Amino acid sequence: MTEQQRKAMIRVDQAGEYGATRIYAGQLAVMGDRAPHAAEVLRMAQQEADHRARFDAMMAERGVRPTLLQPLWSVAGFALGAATALIGPEAAMACTAAIETEIDRHYTEQLDELGEDDPELGDMIREFRDDEREHRDAAFAAGAESAPAYPLLFNAIRLGCRTAIRLSAKI
Ligand SMILES: [Fe+2]
Ligand SMILES: [Fe+2]
């Protein structure tokens, strides 16, 4: 694995964590702090903020530029969070379940590619992946699958997330 490839990994991961903070910000803007699951969403949002801050610090240390698509992820993430929360609390949970399912797959793929190459990065990805799995499980436990049009919603968001990952690695 080349340095360029590792830099691209950090770039896409920071973009994802940034997008996650925007999704939760959108959800919380609609839900306020008294809605069902608001405390859960707030807790996850705080973990995403920590993930993002740690990737920001790693980018600064290693001289990795952020994705040029950051302004797009800001708007798209917020809109996705707000739209799903407007549908209802279960749809907000379906959004989290879909995103975290995809992020789990993405981080696991990266860990396979990294192997023993970069323990600092690998340890961070492993730690965050475990948090994302816990977010996914919490979202399912909170009724993600009872959302209106759940299969459609779940698959559309997964597809969007995959596309965002592919674009952020390149641009
Ligand atoms: Fe995260
Ligand atoms: Fe997460």
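Model, not experiment: these values are computed from the prediction. For ligands, and for the atoms within them, numbers begin at 1 and follow the listed sequence. All values below come from the heavy atoms of this structure, side chains included, with hydrogens, waters and symmetry mates left out.
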*Charged N-O contact under 4.0 Å between Asp50 and Arg54*: yes
The N/O/S atom of Glu17 lying closest to the Fe ion (ligand 1) is OE1
For the Fe ion (ligand 2) the protein N, O or S atom count under 2.8 Å stands at 4
Notebook entry, point to check: Ring centres of Phe55 and Phe128 under 6.0 Å apart?
Noted result: yes
The reported gap from CZ in Arg65 to CE in Met59 (rounded to nearest 0.5 angstrom) is 8.0 Å
List the atom pairs, with distances to 0.1 Å, where a side-chain N or O of residues 78-86 and a protein N or O form a donor-acceptor pair under 3.5 Å, not counting sequence neighbours.
from: Thr84; atom 1: OG1; to: Leu80; atom 2: O; distance (Å): 2.9
from: Thr84; atom 1: OG1; to: Gly81; atom 2: O; distance (Å): 3.1

For Glu40, is there an ion pair with Arg43 - N to carboxylate O distance below 4.0 angstrom? yes
With Glu132 as partner, the option from Arg105, Gln47, His51, His106 fulfilling side-chain hydrogen bond (donor to acceptor under 3.5 Å, both in side chains) is His51
